[in-house]
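Side chains included, hydrogens not; waters and symmetry mates left out as well; all remaining heavy atoms used. Letters A, B, ... are given to chains in the order of the sequence lines, protein chains preceding strands, and every chain is numbered from 1.
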There are 2 protein chains.
Amino acid sequence: MTSVDEPAQTNGRLRDAARTQAEILDVATQEFARAGYDGARVDEIAARTRTTKRMIYYYFGGKEQLFTAVLERAYGVIREAEQQLDVEHLDPVAAIRRLAELTFDHHEQHPDFIRLVSIENIHGAEHIAASAKLGRIGSPALEVIRRILAAGQESGLFTADVDAVDLHALISSFCFFRVANRHTFGVLFGRDLVDPAQRAHYRTMLGDMVIAYLTAERAAD
Amino acid sequence: MTSVDEPAQTNGRLRDAARTQAEILDVATQEFARAGYDGARVDEIAARTRTTKRMIYYYFGGKEQLFTAVLERAYGVIREAEQQLDVEHLDPVAAIRRLAELTFDHHEQHPDFIRLVSIENIHGAEHIAASAKLGRIGSPALEVIRRILAAGQESGLFTADVDAVDLHALISSFCFFRVANRHTFGVLFGRDLVDPAQRAHYRTMLGDMVIAYLTAERAAD
DNA sequence: TAGCTAATGTACGAACTAGTACGTTAGCTA
DNA sequence: TAGCTAACGTACTAGTTCGTACATTAGCTA
């Protein structure tokens, strides 16, 4: 982290539109994730930036658009990470397990993103619905799942008729819940789902669950 | 619904502390679930009640305590419903499937509760942590799971060493995710997880997943 | 039925908060 | 290097929002 006291010089320039915007987005991401949309304070975001509130309105237009920009960038980061997925050289069972593990790691490493998604759902997903960048964007992981499932079904390892979107939802559910509901679950059940000592346990549990589901004998519909 | 125009007479009395408090809690539950803690407006809650804002402060003390009271009542309703669980007359496999299905139904039927839990997690579960009624309260469903698991493991139907709290988390994950993230998931993947036409499909999927996990051959740790 | 208190209503204030009007300057370009 | 404009800062406002001081009364009880 760079000190905030010294003049705004990171690139040797005092004025740098790109840097200012990025810095606003960084701080806004933290603030929205911390307090929710309505709990977040524009003044607080500005104060924790090397620029002023004026610039937030200059570059983003308002609180609502700033939140949308934060979501767009957050989803962009996730997309990029998912595009690095490299599991298709493995056999289908190992590939799915690996993909589930990477999804697990990924959720754990981005709690702010999880919080933003929770917050956006409280608001009916109105921001991403209105965003040109985010409407029906899908997920790169989904394509990977689709291909692995096809291979697994082809080879007879997986029982037929498991849909890629459904499997994605199933894997995401556990990863998301563990991080998103960590606090209430911890208070109610006295167990921290994100306890590092339990990490390997839950990671294995997720993989076991997914593989068991995909490879179980299933009665015909 | 009773009309709000007529004088506040539901029990033949104009003044009824219990009724006034219950009405405030009803409306507050809706308002907090709708807009989140910070998005909720005390004036709005008062306006949609047959009483005034003064009464909210008279009975609950403030917005924060009102939210805590809303959570306490919401968790109470859930507890009561879970105490009605009657699945232990079934064999372990059928019992767990039935329990998963009831959990599924239950989440679907209480979207406001799901939203309140999401909101409380955004705020680090500080309200339920401070509540005398809710600290480490657990869940009646957990005891049921514990007993079914024991029976299933005893009879050899279930592979050993699945913890009740973990299984509860696994089942809840999917049920919770489906309702809580309905909006963002719908926009991103073009699929409504709470679409009534898909209900039976997802309900079965959850049961299949849980049973597959519990009955799969598992390598020793 | 007199009197008391829990229950209720009205009106207001202090603090906060998103957003803006207006003025200034860094640094590129001709 | 003169001038122009994107980038930036200051100071303020209008509206909102939680909370409360003060006044009133329903309805129980002695």
Could you tell me whether B:Ala40 contacts a base, only the sugar-phosphate backbone, or nothing, with contacts defined as non-hydrogen atoms closer than 4.0 Å?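 The residue B:Ala40 makes sugar-phosphate contact but no base contact.
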
Counting just side-chain N and O atoms, does [X] come under 4.0 Å of either OP1 or OP2 of [N]?
{"X": "B:Thr51", "N": "C:dG9", "answer": "yes"}
{"X": "B:Tyr57", "N": "D:dT20", "answer": "no"}
{"X": "A:Tyr59", "N": "D:dA6", "answer": "no"}
{"X": "B:Arg54", "N": "C:dT10", "answer": "no"}
{"X": "B:Thr20", "N": "C:dT8", "answer": "yes"}
{"X": "A:Tyr58", "N": "D:dG9", "answer": "no"}
{"X": "A:Arg41", "N": "C:dT17", "answer": "yes"}

Distance, rounded to the nearest Å, where [X] contributes [atom1] and [N] contributes [atom2]:
{"X": "A:Arg15", "N": "D:dC4", "atom1": "CZ", "atom2": "P", "result": "17 Å"}
{"X": "B:Ile45", "N": "D:dT17", "atom1": "CD1", "atom2": "P", "result": "12 Å"}
{"X": "A:Asp43", "N": "D:dT10", "atom1": "CG", "atom2": "P", "result": "13 Å"}
{"X": "A:Phe60", "N": "C:dA18", "atom1": "CZ", "atom2": "C1'", "result": "16 Å"}
{"X": "B:Asp16", "N": "C:dT8", "atom1": "CG", "atom2": "C1'", "result": "13 Å"}
{"X": "A:Phe67", "N": "C:dT17", "atom1": "CZ", "atom2": "C1'", "result": "18 Å"}
{"X": "A:Lys63", "N": "C:dT20", "atom1": "NZ", "atom2": "P", "result": "15 Å"}
{"X": "A:Arg19", "N": "D:dA6", "atom1": "CZ", "atom2": "P", "result": "18 Å"}

Searching all strands shown, indicate the nucleotide that pairs with C:dA30 (Watson-Crick or G-U wobble; both distances under 3.5 Å).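 Its partner is D:dT1 (Watson-Crick or G-U wobble, both distances under 3.5 Å).
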
Can you confirm whether more than 12 heavy atoms, excluding those of A:Arg136, are under 6.0 Å from its CZ atom?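 Counting neighbours around CZ of A:Arg136, 12 or fewer heavy atoms of other residues, nucleotides or ligands fall under 6.0 Å, so no.
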
Between D:dG19, C:dG9, C:dG19, spot the one nearest the side chain of B:Lys53, thanks.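 Shortest atom-to-atom distance from the side chain points to D:dG19.
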
Taking the side chain from [X] and the backbone from [Y], do they hold a donor-acceptor pair closer than 3.5 Å?
{"X": "A:Asn121", "Y": "A:Val117", "result": "yes"}
{"X": "B:Arg115", "Y": "A:Ile122", "result": "yes"}
{"X": "B:Arg79", "Y": "B:Ile137", "result": "yes"}

Between B:Arg182 and B:Asp195 (salt bridge meaning N to carboxylate O under 4.0 Å), is one present in this structure?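 Here B:Arg182 does not pair with B:Asp195 in a salt bridge, since their nearest N and O are not under 4.0 Å apart.
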
Taking for each residue the nucleotide of DNA chain C with the nearest heavy atom, is it B:Thr52 or A:Gly62 whose nucleotide lies nearer the 5' end?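 Taking each residue's closest nucleotide, the earlier one in sequence belongs to B:Thr52.
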
Can you work out whether B:Ala18 or A:Gly61 has the more 5'-proximal nearest nucleotide on DNA chain C?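 The residue mapped nearer the 5' terminus is B:Ala18.
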
